[in-house]
Amino acid sequence: MNISALPAQTSPSVSCRFVVPRAVTAPKIVRDLVAVLVAAFGHEDIVEHLKICVSEVVTNAYQHTRTAQITVDVSLGTDNVTVWVDNGRPGWLPRPPRSAPPWHDESGRGLYLVSRMSDALNVGVSDDGAPRLGFSIGYEGAA
């Protein structure tokens, strides 16, 4: 696993990159790292929602790609935390759901859950062309 600081893009207070092997343990590893980072900066109020959302977007990258590594960028701004996950699958962008999947479906709830628990769910492309899935969660009482 590689951990490195990222240059500030939107003047966040803290910005980190986690690069983990694409393994079944990746969601737990990243979830725990991000939770510790956010709690260390005094934002315990969002840790539980953040852990669920991080787990879901990293699981999405694990399940739908064959990349060797999963890259996660975390930015703690003045009023929210933003997480982006590069899925490394060129030409494929995940589609955030518009509504809840049918109750009998065995999958498809992860991104819907993230869309409901976060303030924003976004799809984009990184500077090197890798598809990305991101979300933001505001701090309690943020202006």
Side-chain angles (χ1 to χ4, degrees), residues 1-102 105-142:
M1 171 177 41
N2 298 324
I3 301 174
S4 62
L6 291 175
Q9 295 177 354
T10 57
S11 61
S13 302
V14 175
S15 191
C16 295
R17 171 171 282 172
F18 302 107
V19 180
V20 296
R22 184 189 159 274
V24 71
T25 56
K28 179 181 179 2
I29 291 168
V30 177
R31 174 185 70 225
D32 292 348
L33 287 169
V34 172
V36 168
L37 175 68
V38 170
F41 281 87
H43 302 295
E44 295 90 357
D45 52 325
I46 65 165
V47 167
E48 291 307 314
H49 279 132
L50 185 66
K51 286 167 58 174
I52 292 168
C53 292
V54 168
S55 292
E56 293 300 335
V57 294
V58 174
T59 297
N60 189 69
Y62 170 76
Q63 288 182 331
H64 298 290
T65 69
R66 296 296 172 249
T67 185
Q69 297 178 323
I70 297 171
T71 302
V72 180
D73 294 325
V74 182
S75 296
L76 282 76
T78 55
D79 57 356
N80 68 17
V81 60
T82 300
V83 177
W84 283 98
V85 177
D86 292 3
N87 73 23
R89 185 175 173 185
W92 180 80
L93 290 174
R95 292 185 199 152
R98 294 182 184 160
S99 62
D105 282 3
E106 294 182 11
S107 65
R109 288 178 183 75
L111 294 185
Y112 179 73
L113 187 62
V114 175
S115 74
R116 303 300 294 168
M117 295 184 81
S118 66
D119 295 318
L121 176 61
N122 298 301
V123 175
V125 179
S126 68
D127 292 338
D128 64 357
R132 318 180 89 195
L133 182 63
F135 67 88
S136 296
I137 297 177
Y139 307 132
E140 289 297 315

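- Under the 4.5 Å side-chain criterion, counting only non-hydrogen atoms from C-beta, Cys53 is in contact with Ile137.
- To the nearest 0.5 Å, atoms CD1 (Ile46) and CG (Leu76) are separated by 7.0 Å.
- Taking CE of Met117 as the start and CD of Glu48 as the end, the distance is 8.5 Å to the nearest 0.5 Å.
- Closest of all the heavy-atom pairs between Val85 and Ala61 is CG1-CB, 3.9 Å.
- To the nearest 0.5 Å, atom NE2 of residue His64 and atom OG1 of residue Thr59 are 9.5 Å apart.
- Proximity of Val72 to Val54: side-chain heavy atoms (C-beta onward) are nowhere separated by under 4.5 Å.
- Within the 3.5 Å criterion, the main-chain N or O of Asp73 finds no donor-acceptor partner in the side chain of Arg17.
- Contact record, Ser118 with Leu121: OG-N, 4.2 Å, taken as the closest heavy-atom pair.
- The minimum heavy-atom distance between Thr67 and Arg22, with the atom names listed, is O-CD, 2.9 Å.
- Residues Phe18 and Val74 share a closest heavy-atom pair of CE1-CG2, 3.8 Å.
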Please list every donor-acceptor pair under 3.5 Å in which a side-chain atom of residues 23-33 meets a protein atom from a residue at least two apart or in another chain.
residue	atom	partner	partner atom	Å
Lys28	NZ	Asp32	OD2	2.5
Arg31	NH1	Ser55	OG	3.0

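- Side-chain contact check for His43 versus Asp45: some heavy-atom pair is nearer than 4.5 Å.
- A side-chain donor-acceptor contact under 3.5 Å links Ser115 to the backbone of Tyr112.
- Under the salt bridge (charged side-chain N to carboxylate O under 4.0 Å, His left out) criterion, Glu44 pairs with no residue at all, not counting sequence neighbours.
- Panel note: side chain Asn80, backbone Ser136; no donor-acceptor pair is recorded below 3.5 Å.
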Requested in this report: Determine, stepwise, if the pair Val81 / Val34 fulfils side-chain contact (heavy atoms from CB on, under 4.5 Å).
Outcome: CA-CA 10 Å; Val81 60; Val34 172; 5.5 Å; no
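- The shortest distance between side-chain heavy atoms of Trp84 and Thr71 does not fall below 4.5 Å.
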